[in-house]
Amino acid sequence: HSVYLCNGRARAFSRAFAEKLVWPDQCPEDNYSYFLCQKLGFSFVYEPLSRVWFRLPTSFGDHLKQSYRFSYGRKVLERYFGREHVQRAYRLPLRIVLKESLRTGIHAPIRFLLYLLILTFSRISRFSRKNEQSRWAISKSSKQLYAS
C-alpha cells in the first residue's frame, strides 16, 4: 500500500485503532494515521470502489497554503516515524512519474506547464516561511459548495 492512498477525504478506523489514536499538533492527520497504523501493527485497507466528492482549493493563495501544509507536514511525520521511513513512503517510482508526466504533457500541455510553474513557485516560496503554528489557516475556497 501507499501513503497516497490514505487521505483525509474519507477514512474509517477500527475501534481498537481509534482508541490508540492521538492527534499531535501540526501533523497531517491522514498520513499520521497511515504511519501509526503500520507502527502499531494494524492493517491498512484501501477500498478502490469507494467514492467521495471533494473540492480542491480554487484560489492560488489557498493552493499555496495547502502545499505548505503538505510540505511541512512531512517534516513533522519524520519526527514521529523516522526520516528514512517517511521519505520511502512518499517516493514514487521514476518510471511512473515520467510516464504520467509525458501523458499529461501530451494531452493537456498548457495545464501541465501551469502545474509545473505553480509547483516550482510553491516550493521556492515555502523557504521564506519560518513560523510553526499549532493550527493552520483554512483554505476557504475548498470549503465553498456549489448550488445544485
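All of these numbers come straight from a predicted model, not from anything done at the bench.
Residues satisfying the side-chain contact (heavy atoms from CB on, under 4.5 Å) criterion with Ser14, sequence neighbours excluded, are Ala16, Phe17, Phe42. A search for side-chain hydrogen bond (donor to acceptor under 3.5 Å, both in side chains) contacts involving Ser71 returns Arg126, not counting sequence neighbours. Contacts of Val52 classified as side-chain contact (heavy atoms from CB on, under 4.5 Å), with partners at least two apart in sequence or in another chain: Arg9, Ala10. Applying the side-chain contact (heavy atoms from CB on, under 4.5 Å) rule to Trp23 yields the partners Arg11, Phe13, Leu21, Glu29, Tyr32, Ser33; only residues at least two apart in sequence or on another chain are considered.
The list of side-chain hydrogen bond (donor to acceptor under 3.5 Å, both in side chains) pairs with a residue in residues 100-110, not counting sequence neighbours, reads Glu100-Arg103.
Leu49 belongs to no hydrophobic cluster, as no Ile, Leu, Val, Met, Phe, Trp or Tyr side chain comes under 4.5 Å of its own. Using a 4.5 Å cut-off between side-chain heavy atoms of Ile, Leu, Val, Met, Phe, Trp and Tyr, Ile106 falls into a hydrophobic cluster with Leu102. Under a 4.5 Å side-chain heavy-atom criterion applied to ILVMFWY residues, the cluster that includes Leu119 comprises Phe112, Tyr115, Leu116 as well.
Taking the six-membered ring for Trp and thresholds of 30 and 60 degrees, Phe60 and Phe121 have ring planes inclined between 30 and 60 degrees apart.
By the rule that hydrophobic residues join a cluster once side-chain heavy atoms approach within less than 4.5 Å of another member, Phe70 and Val86 end up as members of separate clusters. Following chains of ILVMFWY side-chain contacts shorter than 4.5 Å, one can reach Tyr4 starting from Leu36, so the two form part of one hydrophobic cluster.
The structure places CH2 of Trp53 at 10.0 Å from CZ of Arg51, a figure rounded to the nearest 0.5 Å. Residue Lys20 holds its NZ atom at 12.0 Å from SG of Cys37, rounded to the nearest 0.5 Å. In this structure, the separation between CG on Asn7 and OH on Tyr46 is 8.0 Å, given to the nearest 0.5 Å. Taken to the nearest 0.5 Å, the CZ atom of Phe35 stands 9.5 Å off from the SG atom of Cys6.
In Leu117, the CG atom is crowded: over 12 heavy atoms of neighbouring residues, nucleotides or ligands sit closer than 6.0 Å.
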Result block: side-chain N/O donor-acceptor pairs under 3.5 angstrom for residues 87-95, not counting sequence neighbours:
from  : atom 1 : to    : atom 2 : distance (Å)
Arg88 : NH2    : Glu84 : OE2    : 3.4
Tyr90 : OH     : Asn31 : OD1    : 3.4

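Proximity of Phe44 to Leu5: side-chain heavy atoms (C-beta onward) are separated by under 4.5 Å at one or more points. The shortest distance between side-chain heavy atoms of Pro24 and Val76 does not fall below 4.5 Å.
Between His85 and Glu78, the side chains place no donor N or O within less than 3.5 Å of an acceptor N or O (distance only, hydrogens not considered).
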